[in-house]
Chemist: 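Here you go, one structure.
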There are 2 protein chains.
Amino acid sequence: MNIGEVAEAAGVPPKTIRYYEEIGLIRPQRGDNGYRHFRESDLHKLAFLGRARALGFSIADCRVLLALYEDEARSSAEVKALAEQHLAEIDAKIAGLTEMRETLGDLVRSCAGDNRPDCPILSSLADPES
Amino acid sequence: MNIGEVAEAAGVPPKTIRYYEEIGLIRPQRGDNGYRHFRESDLHKLAFLGRARALGFSIADCRVLLALYEDEARSSAEVKALAEQHLAEIDAKIAGLTEMRETLGDLVRSCAGDNRPDCPILSSLADPES
DNA sequence: CTTGACCTTCCAGTGACTGGAACCCCCATT
DNA sequence: AATGGGGGTTCCAGTCACTGGAAGGTCAAG
């Protein structure tokens, strides 16, 4: 398979695939014309990476996950630990965003949104104590 | 005030303040020694920026917010529209993260986390249909 | 006069791509 | 044989909002 075909099949853009090769996540073969040639195992890896990224794992995490996936002697505890750590990060992000959402939501609700200049949103940004 | 003092007072690091000057968000004066000199209005702006950033507004949004803040003829509707747009982005982010959280949470719950290699997390990443 | 804290600029790196330019290759049609 | 279009290739730059670090100037205290 050429890069376009595997990109389509794995749901990962060609640019991203080239980037993944550059950082050593995959190592496709090369044909005589210099084209990358992808085997089934490459496609498999790319789809794996696409799903891991969609779950928010960093590239560093993905590297570890791929290594664990290919390590027959892994323990599921290692994988679970990584996933739980990531889950905690997601929770932290959600908590931060939720707090933002609440604060900003309050401000938006308190703003008339008419053509007068008085605006509690700006007032609060300028001085939340006032 | 010098940069350290205003950084402390506004809760914005010196590096960030220099960056904000570089991109034209603030224009502190300069002393004969080349040091930046910050007036009360600069401090005020920096604190404003710090709070807007803490609410997740982008630098581009902050630029607009500052301009609106300084525009006596603004309408609160303009501010509210910007805030509502940002609120929608926050909601979208929260929704995305929440979905990740659920999927990943399911996987983590289904993983024994023992010293055997069998791992539903890896299996699902490799092939979610299986 | 020296020390140390503070200030300056400039350059590079972060994460994970993404866009674009310049160029090469392969196949099919004229 | 030429050509056209849709692949592919590399390399460079940009994104976002800083952040770290190096090399060097300035200032106040002791």
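Every chain is numbered from 1 and lettered A, B, ... according to where its sequence line falls, protein lines coming before strand lines.
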Chemist: Partners of A:D61 by salt bridge (charged side-chain N to carboxylate O under 4.0 Å, His left out), sequence neighbours excluded?
Modeler: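 Salt bridge (charged side-chain N to carboxylate O under 4.0 Å, His left out) list for A:D61, sorted by chain: empty.
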Chemist: Whole angstroms only, please: what is the CD-P distance between A:E89 and C:dG15?
Modeler: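 Answer to the nearest Å: 13 Å.
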Chemist: Could I get the full list of ring-ring contact (aromatic ring centres under 6.0 Å, His included) partners for A:F57, not counting sequence neighbours?
Modeler: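 Testing A:F57 for ring-ring contact (aromatic ring centres under 6.0 Å, His included), a comparison that skips the adjacent residues, returns A:H86.
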Chemist: Could you work out which one of C:dC7, D:dT10, C:dT8 sits closest to the side chain of A:R18?
Modeler: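 The answer is D:dT10.
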Chemist: I'd like a table of donor-acceptor pairs (distance under 3.5 Å, sequence neighbours excluded) in which one partner is a side-chain atom from residues 75-82 of chain B, with atom names and distances.
Modeler:
{"unit_1": "B:S75", "atom_1": "OG", "unit_2": "B:E78", "atom_2": "OE2", "d": "3.4"}
{"unit_1": "B:S76", "atom_1": "OG", "unit_2": "A:G113", "atom_2": "N", "d": "3.1"}
{"unit_1": "B:S76", "atom_1": "OG", "unit_2": "A:D114", "atom_2": "N", "d": "3.1"}
{"unit_1": "B:S76", "atom_1": "OG", "unit_2": "A:D114", "atom_2": "O", "d": "3.4"}
{"unit_1": "B:S76", "atom_1": "OG", "unit_2": "A:D114", "atom_2": "OD1", "d": "3.2"}
{"unit_1": "B:E78", "atom_1": "OE2", "unit_2": "B:S75", "atom_2": "N", "d": "3.1"}
{"unit_1": "B:K80", "atom_1": "NZ", "unit_2": "A:C111", "atom_2": "O", "d": "2.7"}

Chemist: In whole angstrom, what separates B:I17's CD1 from C:dC6's C1'?
Modeler: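 Taking CD1 of B:I17 and C1' of C:dC6, I get 14 Å after rounding.
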Chemist: Is the number of heavy atoms from other residues, nucleotides or ligands within 6.0 Å of CD (A:E8) greater than 12?
Modeler: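 Atom CD in A:E8 is not packed in, count stays at 12 or less.
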Chemist: My understanding is that only residues two or more places apart in sequence, or in another chain, count here; which of them pass side chain to side chain contact (heavy atoms under 4.5 Å, CB included) with B:H37?
Modeler: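 Applying side chain to side chain contact (heavy atoms under 4.5 Å, CB included) to B:H37 gives B:Q29.
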Chemist: What's the angle between the local helix axes at either end of the helix from C:dC1-D:dG30 to C:dT30-D:dA1, using five pairs per end and rounding to 10 degrees?
Modeler: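 Roughly 30°, once rounded to the nearest ten degrees.
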Chemist: Could you point out which residue of B:R27, B:R30, B:K15, B:K45 forms a salt bridge (charged side-chain N to carboxylate O under 4.0 Å, His left out) with B:E21?
Modeler: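 For B:E21, the salt bridge (charged side-chain N to carboxylate O under 4.0 Å, His left out) check succeeds only for B:R30.
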Chemist: Considering residues at least two apart in sequence or located in another chain, which fulfil the ring-ring contact (aromatic ring centres under 6.0 Å, His included) criterion with B:F48?
Modeler: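 Here the qualifying residues are B:Y69.
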Chemist: May I have the distance from B:E8 (atom CD) to C:dA5 (atom P), rounded to whole angstrom?
Modeler: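 Nearest whole value for this atom pair: 16 Å.
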Chemist: List in chain and number order the residues that pass salt bridge (charged side-chain N to carboxylate O under 4.0 Å, His left out) with B:E5, two or more places apart in sequence or in another chain; answer none if no residue qualifies.
Modeler: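 Partners of B:E5 under the salt bridge (charged side-chain N to carboxylate O under 4.0 Å, His left out) test: none.
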Chemist: Among residues 90-103 of chain B, which residues get a heavy atom nearer than 4.0 Å to DNA chain D?
Modeler: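 Nucleic-acid contacts, sorted: none.
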Chemist: Counting only heavy atoms and a strict 4.0 angstrom limit, can you tell me which residues of residues 22-59 of chain A come near DNA chain D?
Modeler: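 Close to the strand are A:R30, A:G34, A:Y35, A:R36.
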Chemist: Taking the side chain of A:I3 as heavy atoms from C-beta outward, which of D:dT9, C:dG20, C:dC17 is closest to it?
Modeler: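 Closest of the options to the side chain of A:I3: D:dT9.
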Chemist: Atom NZ of B:K15 and atom P of C:dG13: how far apart are they, to the nearest Å?
Modeler: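 Nearest whole value for this atom pair: 14 Å.
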Chemist: Under the side chain to side chain contact (heavy atoms under 4.5 Å, CB included) test, which residues partner B:L107, sequence neighbours left out?
Modeler: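 A:L55, B:I121, B:S124.
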Chemist: Mind checking what makes side-chain hydrogen bond (donor to acceptor under 3.5 Å, both in side chains) contact with A:R101, not counting sequence neighbours?
Modeler: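 If we apply the side-chain hydrogen bond (donor to acceptor under 3.5 Å, both in side chains) test to A:R101, skipping adjacent residues, the hits are B:D91.
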Chemist: Return no unless some side-chain N or O of A:Y20 is found under 4.0 Å from OP1 or OP2 of C:dA16.
Modeler: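 No, A:Y20 has no side-chain N/O under 4.0 Å of OP1/OP2 on C:dA16.
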Chemist: In chain order, what residues pass the side chain to side chain contact (heavy atoms under 4.5 Å, CB included) check against A:P117, with sequence neighbours excluded?
Modeler: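 For A:P117 the side chain to side chain contact (heavy atoms under 4.5 Å, CB included) partners, ignoring immediate neighbours, are B:R74.
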Chemist: Choose from D:dA17, D:dG21, C:dC7 the nucleotide whose nearest atom is closest to any side-chain atom of B:Y19.
Modeler: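 Given the options D:dA17, D:dG21, C:dC7, the side chain of B:Y19 is closest to D:dA17.
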